[in-house]
*Asks:* 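Below you'll find the structure I mean.
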Amino acid sequence: MTERITPGMSRFAEVDDQYAPHELEQRVFEYWDEVDAYEKTVEHRSDGDPLFFVDGPPYTSGSAHMGTTWNKTLKDVYLRFFRMQGYDVTDRPGYDMHGLPIETRVEEELGFENKKDIEEFGEENFIEACKEYAEEQLEGLQADFQDFGVWMDWSDPYKTVRPEYMEAAWWGFSKAAERGLVEKGHRSISQCPRCETAIANNEVEYEDVEDPSIYVKFDLEDREGSIVIWTTTPWTIPANTFVAVDEEGDYVGVRAEKEDEEELLYIAEAKHEEVLREGRYEDYEIVEELTGEELIGWSYEHPLAEEVPDHVDAAGTLEVYAGDYVDTHGDGTGLVHSAPGHGEEDFERGQELGFPIFCPVGGDGVYTEEAGKYEGQFVKDADDEIISDLDENGALLASGTVHHSYGHCWRCDTGIVQIVTDQWFITITDIKDELLENIEDSEWSPDWARDNRFRDFVEEAPDWNVSRQRYWGIPLPVWTPEDRDDDGAATAGSPERAGGRADEDMIVIGDREELAERVDQDVDPEEVDLHKDTVDELTITEDGTTYTRVPDVFDVWLDSSVASWGTLNYPEDDSRFDELWPADFILEAHDQTRGWFWSQLGMGSAALGEIPYEEVLMHGHALMPDGRAMSKSKDILIDPHEAIDRHGRDVMRMFLLSNNPQGEDMRFDWDGMQTMENHLRTLWNVFRFPLPYMRLDDFDPQETTLEDVDSDLELVDEWVLARLQSTKAEMTEHFEDRRQDKAVDALIDFVVEDVSRFYVQAVRERMWEEEDSASKEAAYATIYRVLRETVALLAPYAPFISEEIYGTLTGDAEHDTVHMCDWPAIEEYWQDEQLEEDVAFLRAIEEAGANARQQAGRKLRWPVPRVVVAADDERVAAAVERHTALLEDRLNAREIELVSADDRWEELQYSAEADMSELGPAFGDRAGQVMNALNEARIDEPSLEALEEAVSDVLEEGAEQRSAEDASGDEPRAALEESMVSFVTETPDDVAGTAFGLDGDDRGVAYVDASLTEDIESEGYAREVIRRVQEMRKDLDLDVEERIALDLEIEDDRVADLVSDREDLIREEVRADELRAVDDGHRKEWEVEGVAMEIAIEPLAAAEASD
RNA sequence: GGGCCGGUAGCUCAAUUAGGUUGAGCGCCACUCUGAUAAGGUGGAGGUUCUCGGUUCAAAUCCGAGCCGGCCCA
């Protein structure tokens, strides 16, 4: 067997100098394959508590975009987290593969124009072509998801086109039918005339278009004059049935003159000027003022009575009625042309009024015979002819065009027509109260998504039209008597609700077994495919009646609505349903409020009386860097593949996951990607740093645990371990709040700020020591524990780099994959809040000291004799007292002097900062003035008396005002209180001092005494020499252990003497075994603090070899 | 047109719960440091907190009216 370098095989193996994400990720993919990492991780949790996650199935047209990528990455991070917490997670992915979008894509590919082409091609062939297309798209999507490092059960996704899944939809629908929630309805729907099918309201996309805008006069019968209506759809005029007005609106009768003719017109008062201007009338006079109520009952003549001989003429039609959809201040005239055969509101009002439904338009948008003169024309094409006919009839008041938004088919972009047809509905409005109650059984993040958005939607949701007159979908499992009058005309004109209850004479089949049992033909339930072409011909004969299948297929939203049991292959497989259902967790974007969140609620409630999910995490959309929505069709997008090419999978995931997942949109940001890469590089470097030392010393983390070296731990070790505990606690809390972004921020902060910038800095010298020491072992054990737990915490986010680091750290001593690890538990033993706070103060002091040093012009390399820490309070003083040595070390100070809060430096001056929350209530409208005075004051001691003295002018002025206003004078004069101010030190010129603080509050000042002594100069110059020799070693690319000969020439005698005092130090630090003249070596001239030096080095191995 | 969410530094966001002198990271500029670091450190520039009005001693925060973006609905 050939030896391979893979994570998990060789502890502390050599790793890349640089973090190289692409190579690393390839290695990890291969490794996962090799050890069956995913399968082992699933198996590892098989005894855990079940956690039933249901994947909202992506639609299989097109490839993964940044939004899908974010969605799947979020799912991945939570599923990995749940697994690490011990849950046995159901993680079956799914794909939504039916529906009009795929049909239109396939039609495009095949060059089809309309349904006739499909019929000619053959339903069976077309369905097969759709299936192939969907499967192809699925492959691409799934390859992408796997490439993003998402771990789900890719071997067995649920597909909505599989018979067992389609059966799950049949089952759900049949349960709803059993509850009496299925009915056939005669309703106004949006129809795509190209696709020749109803489409759901949420499939209608609104686009700005130019349409006719006409004002039409309807001549009144039995009285003089006309009422005026406005419409942008002249093609609906043939179906006019009544005119609606606002009962309480104000209307006027106007005598208007044009070209010597006079007309009496009735219009809303608010609109009359505009309408008359449109009609180019020269003069007018208001002759009547009426309310809408007074117009009711007026009858008029149909304006196209001759052209459309079959027009509505039933009793009560062609009259004025009240309609609550009329607005006398909106568009139009305040009188609304109403055609129940078209508009939804018109339809509903027409039903109430018991009018016949006249719709002279077919499913293809072409006028039928009933349209008389216009028969055979596509409705939009007939607009011009209708307008000119109206004109000829003297009915046209004005004709123009208007830009407005008009509904279009979401897939083929054809303008929709509103017509009345027979459709099948799930009447969820009958169980609306139940739906609203069921919502309460689910927890949502963020909570407003449920309590505002979702509830609003559910409250207003209409019945669900589930039928589509198409091919690529789950066939309706409904059989009706073959001689049945399917166009539903019988119900038209009925004053009751259209369609009525579910037909007594309707058979709804619930599964394949039942299908095989009841149909007249031979059907093998194991083999039957269930698509339209296989079930269309099946008939059922019972009690002498033959039933044929309703030819429609389901709205594709119904497919995914049954995912909670479809995922479990229920009802075919009932082995897990009772244990798992309903889903514990679902996670989708906010557009699913009206989509999947809703359809599942409706279907779950209709079929099973319950909401099918218990917890929802609702995220936002991925936006472009400039905040625009991404759009594939407009080529406005960031391709996840490009993101991976530029930065790698882990980086992309880290970026995506560092965004708030609760309802807020995410702006993609290349800078943010780069920052994440920098963070991961930092982690890589932290990880890489101790490896050579551990290797050299044969450190064995199983032999030498943290517990073994407990007594040798130094302060920084204990501190970083305490920080680790806090980080774990913080992350766990954020994860449980479904804010993985805050969790990863905490982790990054820990790695970058605490481990890399502080801990590693602090332990470098300990690891650099050549001989074994207890301290070094303690540092090894500490950083090992820190890294080992860090990669577990990071694993759900960045599974690749975590895997490689884990493998390199643990060898074969632990799990095969980091993803089998438990979520790191908080260990109370290592918690130490006081120490964390102490170090926070020390770091603040260090930062201030660095600032002060820079002010004093003294580099960190040069020691300073003394740093004075003036602590504002006991807490700070205690921290400094406890850790003086560490502070000396970090500040490179010979001595730390603590000035406690009770004492102070006489040289110092003070000023005061006001606390406005105290000052405001006490001084009222003068608080700002007092604040300014306080800020400007300079005093010698930080006492309230001194301060009051300094700002006395302002205080007294206020007191005078107050007593002048308040004659009773018993209110006490506002005075300064301790709580209103905090004192701030002012630095003397000769000492550099900088304030330090925590969380924005000043807590003291660090003063750096930068005076020089010979001893300090000696060390300073020596360290300057060391630094330059190190640089020269680096020039030669010498190994860290390599010995050299050093040649040092310094012109200034005084400096030369100072440096030679530290000869031992220099030799040790630069690994110089010999101090002598070097002839051939690497030679360089330097200037150090104005002193010229010449340094030469020569590797000893090379020197020996050349001898 | 309606509902929900958002608008704070060049960018990403925090501070809005409960009103009290607007902050961080990234980016930029200058200086500095460098034998784990494509790093690190110090300083700096950068703000009409979308606009207008109101409440208040005091508003990014509360209220009202708009504007812009996103989602959903019509």
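Naming: A, B, ... by sequence-line order, numbering from 1 per chain.
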*Asks:* With a 4.0 Å limit, can you tell me whether A:Arg667 has a side-chain N or O closer than that to the phosphate oxygens OP1/OP2 of B:U12?
*Replies:*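 It does, given that an N or O in the side chain of A:Arg667 lies less than 4.0 Å from OP1 or OP2 of B:U12.
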
*Asks:* Write down the partner of B:G40 under the Watson-Crick or G-U wobble criteria, each distance required to be under 3.5 Å.
*Replies:*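 In the structure as shown, B:G40 has B:U32 as its Watson-Crick or wobble partner.
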
*Asks:* If only side-chain N and O atoms count, and only distance matters, is there a donor-acceptor pair under 3.5 Å linking A:Thr593 with A:Trp598?
*Replies:*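 No pair is found: no donor N or O on one side chain lies under 3.5 Å from an acceptor on the other.
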
*Asks:* My understanding is that a pair needs two contacts under 3.5 Å, Watson-Crick or G-U wobble. By that rule, which nucleotide pairs with B:G69?
*Replies:*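 With both distances under 3.5 Å, B:G69 matches B:C5.
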
*Asks:* In whole Å, measure the gap between the P atoms of B:U21 and B:U16 for me.
*Replies:*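 Each nucleotide's P atom is 12 Å from the other's.
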
*Asks:* Starting at atom OH of A:Tyr325, determine the distance to atom P of B:C73, rounded to an integer number of angstrom.
*Replies:*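 One finds 24 Å between P of B:C73 and OH of A:Tyr325, rounded.
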
*Asks:* How far does the C1' atom of B:U22 sit from the matching atom of B:U49, given to the nearest Å?
*Replies:*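 Nearest-Å result for B:U22 against B:U49 at atom C1': 8 Å.
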
*Asks:* Pairing donors with acceptors under 3.5 angstrom, does anything connect the side chains of A:Asn851 and A:Glu847?
*Replies:*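 Absent: no donor and acceptor within the cut-off.
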
*Asks:* Could you state the CD1-P distance from A:Ile748 to B:A39, rounded to the nearest angstrom?
*Replies:*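 That distance rounds to 16 Å.
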
*Asks:* Kindly point out which of B:C5, B:U42, B:G35 is positioned nearest to the side chain of A:Asn452?
*Replies:*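 Closest nucleotide to the A:Asn452 side chain: B:C5.
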
*Asks:* Does A:Arg453 place a side-chain N or O at less than 4.0 Å from the phosphate oxygens OP1/OP2 of B:G3?
*Replies:*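 No, because none of the side-chain N or O atoms of A:Arg453 sits under 4.0 Å from OP1 or OP2 of B:G3.
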
*Asks:* Could you check which nucleotide pairs with B:G10 in any of the strands shown, counting Watson-Crick or G-U wobble with both distances under 3.5 Å?
*Replies:*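 Looking at the geometry, B:G10 pairs with B:C26.
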
*Asks:* Base, sugar-phosphate alone, or nothing: which one does A:Trp448 contact when heavy atoms must sit under 4.0 Å apart?
*Replies:*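 Touches sugar-phosphate only.
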
*Asks:* Checking side-chain polar atoms at under 3.5 Å, does A:Tyr325 have a donor or acceptor matched by the opposite partner on A:Ser338?
*Replies:*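 Checked: A:Tyr325/A:Ser338 side chains pair up, N/O donor to acceptor below 3.5 Å.
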
*Asks:* With a non-hydrogen cut-off below 4.0 angstrom, is A:Ser658 in contact with a base, only sugar-phosphate, or nothing?
*Replies:*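 Nothing, no nucleic acid heavy atom in range.
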
*Asks:* On RNA chain B, compare the nucleotides closest to A:Glu664 and A:His679; which residue's is nearer the 5' end?
*Replies:*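 The residue whose closest nucleotide sits nearer the 5' end is A:Glu664.
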
*Asks:* When you measure from the side chain of A:Asp456, which nucleotide among B:C4, B:G41, B:U37 comes out closest?
*Replies:*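 It is B:C4.
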
*Asks:* Taking the side chain of A:Asn685 as its heavy atoms from C-beta onward, which of B:U37, B:C73, B:C71 lies nearest to it?
*Replies:*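 Looking only at heavy atoms from C-beta outward on A:Asn685, the closest nucleotide is B:U37.
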
*Asks:* Starting at atom CG of A:Asp669, determine the distance to atom P of B:C13, rounded to an integer number of angstrom.
*Replies:*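 Spelled out: CG on A:Asp669 to P on B:C13 is 8 Å.
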
*Asks:* State which of B:U37, B:C71, B:A38 makes the closest approach to the side chain of A:Arg681.
*Replies:*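 Taking heavy atoms from C-beta onward, the closest nucleotide is B:A38.
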
*Asks:* When the ring planes of A:Phe12 and A:Phe699 are compared, do they come out parallel, tilted or perpendicular, using 30° and 60° as the limits?
*Replies:*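 Ring orientation, 0 to 90° scale: parallel.
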
*Asks:* Is A:Gln18 side chain donor-acceptor paired with the B:U37 base, going by distance under 3.5 Å alone?
*Replies:*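 Flag unset: no donor-acceptor pair detected.
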
*Asks:* Can you tell which of B:G27, B:G70, B:C33 lies closest to the side chain of A:Arg1027?
*Replies:*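 Looking only at side-chain atoms, A:Arg1027 lies closest to B:C33.
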
*Asks:* Using a cut-off of strictly less than 4.0 Å, decide whether A:Asn851 has a side-chain nitrogen or oxygen near OP1 or OP2 of B:G43.
*Replies:*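 Checking A:Asn851 against B:G43: at least one side-chain N or O falls below 4.0 Å of OP1 or OP2.
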
*Asks:* Scan A:Glu847 against the nucleic acid and name what it touches under 4.0 Å (heavy atoms): base, sugar-phosphate only, or nothing.
*Replies:*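 Counting heavy atoms under 4.0 Å across all strands, the contact made by A:Glu847 is with sugar-phosphate only.
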
*Asks:* Find which nucleotide of RNA chain B each of A:Val760 and A:Thr593 is nearest to by heavy atoms, and output the residue with the more 5' nucleotide.
*Replies:*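 Looking at the nearest nucleotide for each, A:Val760 comes out on the 5' side.
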
*Asks:* When the distance from CD of A:Glu1024 to P of B:G35 is rounded to whole Å, what number comes out?
*Replies:*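 Rounding to the nearest Å, CD of A:Glu1024 and P of B:G35 are 12 Å apart.
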
*Asks:* Assess whether one donor atom and one acceptor atom, taken from the side chain of A:Arg757 and the base of B:G40, lie less than 3.5 Å apart.
*Replies:*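 Not at all, since no donor on one side and acceptor on the other fall under 3.5 Å apart.
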
*Asks:* With a 4.0 Å cut-off on heavy atoms, is A:Val1070 in touch with a base, just the backbone sugar-phosphate, or nothing at all?
*Replies:*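 The residue A:Val1070 makes no contact with any strand.
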
*Asks:* Let me see the working for A:Phe597 and A:Phe457 under ring-ring contact (aromatic ring centres under 6.0 Å, His included), right down to the final yes or no.
*Replies:* CA-CA 11 Å; A:Phe597 299 149; A:Phe457 179 75; over 10 Å; no

*Asks:* Which value, in whole Å, describes the distance between the C1' atoms of nucleotides B:A60 and B:G23?
*Replies:*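 After rounding to an integer number of Å, I get 12 Å for this pair.
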
*Asks:* Do NZ/NE/NH1/NH2 and the carboxylate oxygens of A:Lys742 and A:Asp737 come within less than 4.0 Å?
*Replies:*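 A salt bridge is absent here (no side-chain N lies under 4.0 Å from a carboxylate O).
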
*Asks:* Say we look at B:U8 and B:C50: how far apart would their P atoms be, to the nearest angstrom?
*Replies:*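 Rounded to whole Å, the distance is 6 Å.
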
*Asks:* Between B:A18 and B:A58, how many Å separate the two C1' atoms, rounded to a whole number?
*Replies:*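 To the nearest whole Å, 16 Å.
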
*Asks:* B:U32 phosphate, OP1 or OP2: any side-chain N/O from A:Lys859 under 4.0 angstrom?
*Replies:*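 Result: no.
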
*Asks:* With ring centroids as reference points, do A:Trp862 and A:Tyr1021 lie under 6.0 angstrom apart?
*Replies:*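 Between A:Tyr1021 and A:Trp862, which both carry aromatic rings, the centre distance is below 6.0 Å.
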
*Asks:* Taking only the side-chain heavy atoms of A:Asp671 (C-beta and beyond), determine which of B:U42, B:G70, B:G27 contains the nearest atom.
*Replies:*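 Among the listed nucleotides, the one closest to the side chain of A:Asp671 is B:G27.
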
*Asks:* Take the protein atom CH2 of A:Trp444 and the nucleotide atom P of B:C4, then report the distance between them rounded to whole Å.
*Replies:*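 In whole Å, B:C4 P lies 16 Å from A:Trp444 CH2.
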
*Asks:* Go ahead and name the base partner of B:C62; Watson-Crick or wobble counts if both distances stay under 3.5 Å, otherwise write none.
*Replies:*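 For B:C62, the partner nucleotide comes out as B:G54, under the 3.5 Å rule.
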
*Asks:* Using atom P in both nucleotides, what's the gap between B:A24 and B:G46 to the nearest angstrom?
*Replies:*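 These two P atoms come out 15 Å apart once rounded.
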
*Asks:* So A:Arg853, base contact, sugar-phosphate only, or nothing? Heavy-atom distance under 4.0 Å.
*Replies:*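 Nothing: the residue A:Arg853, judged by heavy atoms under 4.0 Å, touches no strand.
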
*Asks:* Let me know the distance between CD of A:Glu1031 and C1' of B:G35, rounded to the nearest Å.
*Replies:*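 Taking CD of A:Glu1031 and C1' of B:G35, I get 10 Å after rounding.
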
*Asks:* Expressed as a whole number of Å, how far does the C1' atom of B:G35 sit from that of B:C26?
*Replies:*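 After rounding to an integer number of Å, I get 28 Å for this pair.
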
*Asks:* Once you round it to whole Å, what is the distance between P of B:A24 and CD of A:Glu753?
*Replies:*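 Distance check: A:Glu753 CD to B:A24 P gives 13 Å.
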
*Asks:* What does A:Thr675 touch in the nucleic acid at a heavy-atom separation under 4.0 angstrom: a base, only the sugar-phosphate, or nothing?
*Replies:*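 Here A:Thr675 touches the backbone only, sparing every base.
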
*Asks:* Between A:Asp749 (CG) and B:C26 (C1'), how many Å, whole number?
*Replies:*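 Nearest whole value for this atom pair: 14 Å.
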
*Asks:* Using the P atom in both, what is the distance from B:U42 to B:G25, to the nearest Å?
*Replies:*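 Here B:U42 and B:G25 have their P atoms 10 Å from each other.
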
*Asks:* With ring centroids as reference points, do A:His590 and A:His619 lie under 6.0 angstrom apart?
*Replies:*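 No, too far apart.
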
